[in-house]
Structure formats: C-alpha cells, structure tokens
Amino acid sequence: MTQIRTPEDVAREVAEGGLATQQMILNVGPQHPATHGVFRLLATIDGEILAEAEPVIGYMHRGYEKLVEARDYRQITNLVSRMDWLSGFNNELPLAMALETLMEIEVPPRAQWLRVVMLEMNRILNHLMFFASFGAELGAITPTFYAFREREDIQLAMESATGGRMHFGFMRPGGLKEDVPRGFIAQALKSVRQVIARLDQYEDLLVGNEIFKQRTVDVGVLSREQVMSYGVSGPIARGSGVSDDVRKDEPYLVYDRFDFNVPIGHSGDCFDRFWVLVHEVVESARIVEQAIEGLPAGPVLGKVPRVIQAPEGEVYVRAENPLGELGYYLASDGDRRPYRLKIRTPSFNNVSVLPEVLRGTFVADMIAILGSFFFVLGDIDR
Amino acid sequence: MEAAWQEGLFFVFATVITVSAIGVVTARNVIHAALFLVATLIGAACIYILMFAEFVAWAQVLVYVGAIVVLMLFGLMLTRAPIGKYGEYDNDQKGLAAIVAAAVFGVTAWVLIDSFEGVELPTDRVAATTSKDVGEAIFSSYVLPFELVSVLLLAALVGAVVIARRDERVTSRTIDAARREKAREEDV
Amino acid sequence: MALDEREVQREMDAAAHKLRKEKKRTYGIGLLKGLAVTLRHLFKHNTVIEYPDVKQDLPSRTRGVIALKEENCTVCMLCARECPDWCIYIDSHKETLPPKRAGGRPRKRNVLDRFAIDYALCMYCGICVEVCPYDALFWSREFEYAEYDIRELTHEKEKLSDWMATVLPPPALEEGALLPGQPEPPAPAAPSGDGAAAVPAGDTGAAEMKPASAARPATQTASAAEVRPEQAADAPKAPSAVQEPAGSEHEQAPAPAATSATQVEEGQPPTKAETEAPAGSAAATEPEAQTRAVRESGDSPSATARGEATGEIETPAPAAVPTPTEDPDEVYETVLKDQLEAGSSPQVAEARAKVARVKAERGVRRAPTPIETEKKVPSAPVTGHFTEPVPGGAPAAEEPKPEQGPVEPTDEEKGPDG
Amino acid sequence: MPEFIQNFELTAWWILAIKLIVVLTVVPVGALAGGYALHKVMAHLQHRLGPMYAGGFHGWAQTLADGIKFVLKEDIIPEKADKPVFKYAPAIIFIPILLLYLVIPVDRRLIVQDLDVGLFYLLAVSSIPAIGILMAGWSSANKYALIGALRSAAQLIAYELPIVLSAATVAMLAGTLSVVGIVEAQDWPFLFWPPGIGLIAFIIFFAGSVAEMNLPPFDMPVAESEIITGAFTEYSGMRFIFGYFFAETAHMIAFSGLAVTFFLGGYRPIVPWEPLTVIPGIVWFMLKLFVMVFLYLWVRPTFPRLREDQLQKFAWKGLIPGSLGLILVAGAWILYAPEWLWH
C-alpha cells in the first residue's frame, strides 16, 4: 500500500506520460454498514486514496417540511420527534418553544426543569449511540454492547415517564404531557450516575487505546474556518475548537442555572470530535444531576388553550440538539397548522463539509471520518 | 513395490504439470495463467517430495507459491485484470518462441540425461537429504554462491526500491498534517 | 459569543485536551487496559434478559399497543380524525332504543360495528388515546403481536378488546407533581387517613405480588404523606375552587342521566377493576375498594375526604377563589328549569344543566367536548370527572385555567431554588 | 495378503491414511467447537450471553445449526463472476488449513507425520490460502471483494516474514526443524528461558498470526464496516463458511496449536513436578490450546482495527527488524551463553 498519490499527482503523472493507474468509482452505500442508513458516498478512489467524495443524500426524504403543513401542532410534535430518531425529545423542544413564543404561553418551572432532565438524558442516549457506532466502525465491537447496556437503563427510565423508547412524544406546548411517574427520578439519577461511573472503563477501551489513537489522531482534520463557512455545529464544531453551544450562548429553558462546561477540542481531527462527544456525556450527566436536585414542585403544563392555534406571526427558535444546532422557523397564519415550518437540522450542515474533509484520505480513514461526523440520516433527509 | 508407487505418482504429477504448463501459455486470462502457474509449481513441489527432497519442495511452495505468485496476482489484479476473457496474448513471435522453447527443452534434457543417466533416485527416507544436509551443504561447500546470490538479490531489491520510489510522495497523513498546520496558522 | 469566561474555559479545556494527547505515546498500556476491561466483563454478572423465557417488566406507560374498551366507545370518531396517519377504521350504525320511562322519547345510540387499528401504519404517537373523551382507548404494554402478513397487522376490535386485560393502571406521580389547579394528589390520602387499616392490608397483600403494582399503593400513601406539608406550604395557591366543583360534581355523578354521564359513571370504575384484575392481587382490588369506600360513604364523601387530606388548606382557600361570574348552582337551577320547560327529557335537562354549571364554574367560553375525564388515575377513582383535567390531554388542560392562576406565581418563586 | 500386511512401508501408508481420516474428522469438529467458543467467549467479554437456544444447554449446537443452515442455503454465484475461479477459491483456502494439522504434535506419538522439516512445511502451507483469497476477491467481480483480496495479499506478504523469522528463532534454539524435536527441546519455563528471546518471539509470532489469519485488530481484509466482508462479499451458502467462517476458526485453532508447539512446550507439563507429569500430554496440549484460543478471542473484540498502511508500517518497521534482531540475539545466545545457563 505504498502507492499513495493524490489526484493532482495522478494528473501530473498522466500529463508526463507516466504510469497512471485507473481511478475507480466506489459507491459507498446507499446500503453500507458504515453509513448508518441510506447514505451514499460517491467515492472516486485511486488505490486506497479517496480522490473525491461526494455525499449523495435524499434517499430517505420524507418531506417533513411539506408534511407538517397538513398536520396540526399536536401531530407535528410527534412527527418531528422522528426526524433525528436518536434524539426525539430534543427535536420536540424547539417546536414547543416556538409555539410558546408565538402563543405567549408560560411554561411552569417544574416542566422546564423536567424538560432539561429529559433533554440531557436524551443527549446521553444519543452520544452513547455514537460512542458505540464509532467503535464499531473502527472494528472494536465491544464498546457497542457496553454502550447499549447503558443506553438501556436510561431508555427504561425515559420509557417509564413517556412510554416511548425513542419517540417520546412527551413535549407539549406549554410544558409536558404529564408528570413523571414515581420512581422516575431515582431511576434517572441511578442510570446517569452509572454511565459516569462506567465511562472511565470505556475510555480505557477506546480513548486511551493506542490503535484507536493511530486511527483517529490527525485524521480527517476539520479546520475552524471550514466549520464557520459550512455552518457546522454541535460536537463536530466543538471538536475543531469552535465553542458554539446554544445552551451557553442563548440559554433557553433554565440552562443558565446549571453549572456545566462545554468540552472543546483542539485540532479538529476524529479523535477530538470523539473526545468532545464522550465528555459531553459527562457534562450532560452533571446537568441531569443538578436539574434533579433542584426540581421544583408544581404543575407541568401551563395555561394552554384547548386547540393549539398559533397566532399570525413568525418565529425562529434554535436549540442545541445532541448533534448540533436545531432550528425551527415557524411561520403561522393563525391556523391550527403552520403556514410554513423550515427546519434547520444539524446533520445536514454537518455532512455538507464531508467532501472537503474526505478528499485525499484513505478508504479506511473515510470510515473513521464518517463515523466521527455523527450524523443521523433522518436528520439529513427529513 | 515402493518404486512402482513412486513411478505411478510421478506420472500423475507430470501430467498435471504438463497440462497446467500448457495452460499457462494458452490461457486467455492473465489471472488464469497465473493460477495455472500455481498448479505447475505445486506439481513440481510434489515431485520433489516424491524424491524425498522435502526441504526443496516446501521452499518451492513457500517462496514461489506463497510469495512470488501472490505478488504476481497482486500486481495483475491491481493493474490489468478485468474479469472474463481478455483478448489475445499471442503475437507474431509465436513461432520463434516455440523454436526457442524446443531448443531449451532439448538442451536441458540432453544435459540431464548426460549427467544423471543411470542414477537411482532414493526410494526411502534413509537415503533422503535432510534439512541438516541441506544446511551443511549451503553453509560449507556452497557458501560463496549462496552469499553471491544474496548480494545479487539485495542489489535487485535496492534497485527496485530506487525505481519505484518517486519524490514528493504525498500521503494522506501529510495532507492532514499540512491542513492542520494551515488551520493552526489561521487559528492564530 | 466569545465571552471572556468562555475563552478561559476553552483554554483550559484545550490544555486538558493536549494533556490527554500527550498520553499518546503509551506503548501498549492502553491496549492492556482495554484487555483488562473486557476481561473484567467476562467475570461480571450478566444482565441480559433472555427474552422469550424471561420478560422484562415494562413500565405501565409503555406504548405497546392500543387496547379498546368497547363499551366505552360512543363512535365519536375523534380518534380516527386526530390520527396523524389515519390508521383507525371505525364503522357503526345507529340504533334506536326504547325510552327509559313510559312516555319518553326513544333514544338513539351509536353502535360500534368495527374498530380496527392498522398497526402497520400506526406510529404509536398516542394521540388517539389522549383525545378519547370516553376512556375507550388505553395503552397496553403488550408488544408481541407480530404477524406473517402485513395485512394481518390490522387488528380488529376483538383483539383490541382482548388487550384491555393487559392494561395497567397509571403509575403514581413523582414527588412534587401537581396537576394544574387540581388537588388530586392528596386524594389517596383520604382512605389512608380515614381507614388506615385498609391500606396496610392492601399493602401486605400486594407485597406478595408483582413488584410493580405492589409498590403502587405504598408509594401512593407515601406520596400523599410527603406531598401534604408541601401543599400546606403552598396553602394560598391551593384553590378552594376545587372544593366546590368536587362537591358539585359528586352530586352529579350518582345521577346517571345523560348518556355520556352514564358511560363515564359506569365505565370508569369497572375499568380500573378490570385493568387491575390480571394482577389478581390484593393490591389490584385496592383502588376499587377505595372507590367503593368513597362512593358508599355518602353524598359528599369527597368533600370530607378532601377536607381531611388538605387540612388547613380549607380555611385560606375561599380567599383564593377565582370568582366565577355567576353562581354555578344558580346557573344549574336556571338551566334545568329552562330545559324542562323547553320540553327536554328530565335526563337531558339535568345533563345540560350540569354542563352549564361546570362552564359557569370555569368561565369557559367554548363548548367543550362532552365530558373530560381524568384517565386511569386510581388516586382519584370517582371524583373529578368534570374538573379533573387529563394530565397530559391538551383539551383537558384548558379548563382548569382559572383555578390555576394562583398556582403559578408561587411556584415560580420557589421553583428554581427548591 | 500376508506379504502386503508385512510390508512395513505399506502399513505405514495405511496408518497415515487412518491418521488423515482422523484429522479430517477432528478438524471440522474442532472448527465447530472453535466457532462455539468464539460465540460464547466474545459474548461474555461483551457482557452478553451469546447463543443460548440451539441444542438446549447454553446453545451448544449453535455452530452446528449455523453450519447446517449455510449448507442448505442457496449457493449464489454472481453472473459476472469468473465462475471456475470463484468456485474453487474456498477449497484453496480451506485445504491448506487442513494440511496444517498434519504436523501438530498433540502428544509425543499423536502426530500424523513428524516431518523432518515440519516447521518449514507449516510455514509453506500456511502461505497458500492467500492465493485462494486473491482468487475469491478477484473472481467475485465486486470492487469491495477486490479491495479485500488485495489487502489480504499485501498483509500476508508482510506478515509471513515475522512469522517465519520468529519461528526460525525457535528452530535455532531447538536446533531442529522437526516439530516434535522443537517440543522436546523446550523445557521449563518454556517461554521465559532463554530470557526475553522466547517471549518476544512469541509476541511477534502472535501478532503475525493474527494478521495472517485476518483476525481483528488486523482484519482489514474483511473489515465489515469498510468493505463488507472483503473477498467474501459475494459468497453465500457452503462456499461462504468453508472459505470464510470455517477457515477462520480452523486457522485460528491451527495457529494456536503452532504457538503451543513452538513456544509453550506443546504436550509437556507446565511445571515438571512429579504428580503433574502423570497427566497425559494430550491434556496438557489441549489446556494450552484453550489458553491460546482464548488469547485470540480476547484480543479480537477488544481492539479497534488498524489502518492498512499502519499495519504495513507495523510489520516492516516493527516486527521484521525486531525479529531479525532477535535472531541475532538468539545466535549469540547459542554461541556464547555458558552451558549452565541453558537449563
């Protein structure tokens, strides 16, 4: 595997009449184990080097933005939770916030704090999933099972409250659907603390592993400039040293009351992205602990009219999804349905920078980079 | 009795070798040709075993089959081996090549018959050459040729590296490093 | 964006990160650590649930399948209409029943012919369960209903009714939970305070049974006990309005005049009994026992119960009443009279009067869906069909607004630091 | 035919034939057991249970059931495949692995044929499967398969050398190429005497064998997250298990046997104490074999996968110079170490 040439080299060699090997077009996907769904990467490879990589998306396009124009808000809440299926609760939040803004609903404090608890639990769920899949993509299958075990505990806690394991449908404009059942808090606290306790082990398994470092350090470097110009957000942006976090920048709910850090990477390589991801789990767990500690009593649903009918107006609401900034631009003409709902999903912007990062890397690195971009197909195509 | 077994097996292997050797030159697909070559080489190794020259036999397998043909296949597959029938490898020098081949065969056969006519092949293990014999022979009476060959191979190796090496190889790592460097500069 | 402290933090994190990266040259230590992790797991107790043999005890809120309580369904079609993917099929016909009293008018009734849910389409959002005003749909935690053919995933009402047996009562709420404008949480305290003997008995019986359901009565009483002081602290916020509706609604409850009222009155308590039945435990019958106890204790049991439960709340309460524009009882009387004069049957008249009274109590402008019921909360077995908002139900959430008014500010004040 | 029976050479052939039959039955059974061990050990390392159903007791028949399933499955050959090459590739992978078993001494006498150049034979035979993998990859008419095959071949060429060289160190210390001779030459405490040499040689051999068998963390040729199953992407049914799954486990057991023979003292007791020496050699051999198989299975799920170029770097810049140096050290030891240090 010493035949390492960039596309420019190949072009030059051909011009010089030298030995030019054929470039090969490799379709990674739409069905490929490393793409987490129907994502296709049109890769032009030269030996094991990627000359060009073009992400082809849209295989899972379900037309959410059009679909919601024919649904009332209650139904939309359940629809958007399916967009990024790993963080359903986080998807529901900005929609509820948008409606609350338009309708001037006040959310009771207990609902806000419970929302934070569940949002952060959902973030842990999401991050653990990518912790698992990233290991699996690099060939370490064991972290997958460990992470899923932890996920199971959190999921059970979430299920006891919401009834769902992935699509919680628990958010309502003005608060939450209902209060959490007895025992939920103890269960949530236990499961979250367990994750923290065991994360050390998992760090030994991956983060500290020499082979893992070999595969990730200095691989797939995403510069700050690229982050800025492509609108990349979330752990990926933070891995490149861009300290954007809506929770800190524009605290919504009660995030300004919690003490938490935003882990920030340094060099923007796969390792940093992964490192940020893992450490966000710790920070999320800290938030959950604090939120549970200070959970106020009271109702969980504010004064909400029977029919949710946003008054005429427009609003853009953004929130920190586990994968980045999720924004809903809601334009209402006073109907029970949105006039237009533009969704800005994090994964879409995040994968758009892929061709830049992938150019000139190995096929094997491509997998590491794809894995470290933590995208959810439903979130891209929506 | 034993000799009869050996003789019978010899003819079997000889047939295999001949057929696959013809296959090597007539196959229309390079990969098939290379695979026929594998059969030829293994057949030859079997004949060595029949003669209780185990060391040579396994050396043949290890070096030729395990390394050289693998390398050849590797190269062919990397470069020019589309699957399926692949054009004509024949060219105008077919006849000439046949004459040369016949001449080489004649000379070799004549030399072998001339020098080894009437020599009995060993028929049991006792008379066979062991690895110890081989080692002693190589490192005592034939040490000079052995070393010469080693040096020759080394020279070939170095030459191959020199030819294959080109300056300004850009690896993905160096690209990444350069990018990182650039990013860092911009960062500052 | 770039706050100073953010910059500082970034620097710190970068430094920590660098340190981590310094550890890059460890030459095999990381590998050995990884090996140690996996080896440790080899000897750890395995937590795998061997599924077909052992089944996980799923939470009672689990959205497994939707069960149908057929006799509660009035074919109002709300569920089918609200379903985002239109996977509910309902067929019905109208039936004329003979009048209940001689000389009355024959009544018309919708009879359910077909109720089917196409589970191949269903997205388990639960909107149908939420919107159902008559408590005919429930979530069951059943999940083994796979079929070999996708067409067979359309389950008819027979199957849906069978699942009714697997429906669990809803769980007790977490400490500090308060339904908006509704003092229901202390309600379970009534039996425990009144007949203290009944609860421990149920408790011990429950202990032998399924832990999930067994824990419930215990936690309920516990919750009541714990919640009480908190409520006491929030005394001013506890709206006394709740007392009145509670009393008044109870008066209505035993009068099964309107069809809807009948359905709720008859439907609700048996639902609980039924849902609990599979558990077959003493605990299972407990809520029902509570129900009965409350019901049998006379015309205003809830008032007494409430009075005991909330204790001192009662006194400050009237001050906080969000005064309705008219006196509900007056409205009741006038409407009843009007209706009777207009020629309505006594039952209809009574029902309309009640609706009017409730409206008056709440100052509701729009006509609500017939009756909002509090669903599946054993803690409030009989009371509160009218006043109790469904905890999560958007439609129900709307009514208690006025009562909730005083709640909010206090909560907000104490909430964040609490 | 008394003459026929009395003929020593002929009886030797018959015995050889019987031994071969034994090997041919033992190997598949061993591969099945190995597959089961693979399932179970990996599952427990990953905090799972693994197969629990087939056969009743802890799913003991799982691999058997899998095997039957695969045999019954349709054998799909892609239309554009080079059919003869595609068909015979699994055989060329599997048969040499079977041949490996011929010279592994399970006990002092329990060996099919103690060849004079046994070690050499093992190394030669173990290099053949690469051709099969190349054939499989190329003939599948699939880009992923071709990449897998090329990776596999490159890997094999790189890792053949460290294996040969570390085995050569052992042969030097033992003074023979015969496997039984090597076992006999080893003595307590096997791996650790002469100090360092055996251990380092063992580590090199282990790493090389992991790479040669395409096991994780050196499993780039079959890396499922990158190139599906590499050369076997297009295979199905019986050819798939013989070419890939069976071959993998059989290979793993064979190499465990080799490691036991070369480094862990084969069938000899771990400690030459009186009561332990009574235990038959086959028991010791099996014990050590289990340890070795566990080692392979332990490393397998724990580590992430290296990249192809890193693997090559590891081989050419790490293992090969290391093993060459080791040969020097071993030579020096043989020549200059005083006699009393030897045992």
task = Name all residues meeting the salt bridge (charged side-chain N to carboxylate O under 4.0 Å, His left out) criterion together with D:Arg239; count only those two or more places apart in sequence or in a different chain, and write none if there are none.
result = D:Asp75
inquiry  = Testing the basics here: between D:Ile128 and B:Val61, what is the closest heavy-atom pair and its distance to 0.1 Å?
reply    = CD1-CG1, 3.7 Å
message = Under the rule for salt bridge (charged side-chain N to carboxylate O under 4.0 Å, His left out), what residues qualify as partners of D:Glu160, not counting sequence neighbours?
response = none
B:Tyr64 atom OH, neighbour heavy-atom count above 12 within 6.0 Å = no
key: Gap separating the CG atom of B:Leu73 from the CD1 atom of D:Ile133, nearest 0.5 angstrom   = 12.5 Å
query = Heavy-atom distance under 4.5 Å between the side chains of D:Ile131 and B:Val38, does that happen here?
reply = yes
Interatomic distance, D:Ile92 atom CD1 to B:Leu35 atom CG [nearest 0.5 angstrom] = 7.0 Å
B:Val65 portion near chain D, given a 4.5 angstrom heavy-atom threshold = both
Among D:Ser127, D:Ala149, D:Ala130, residue most engaged with chain B (heavy-atom pairs, under 4.5 Å) = D:Ser127
Spacing of B:Trp58 atom CH2 and D:Leu122 atom CG [to the nearest 0.5 Å] = 9.5 Å
note = Heavy atoms of B:Leu62 and D:Ala124 approach each other most closely as CD1-CA, 3.7 Å
task = Let me know if B:Ala59 has heavy atoms under 4.5 Å from chain D in its side chain, its backbone, both or neither.
result = both
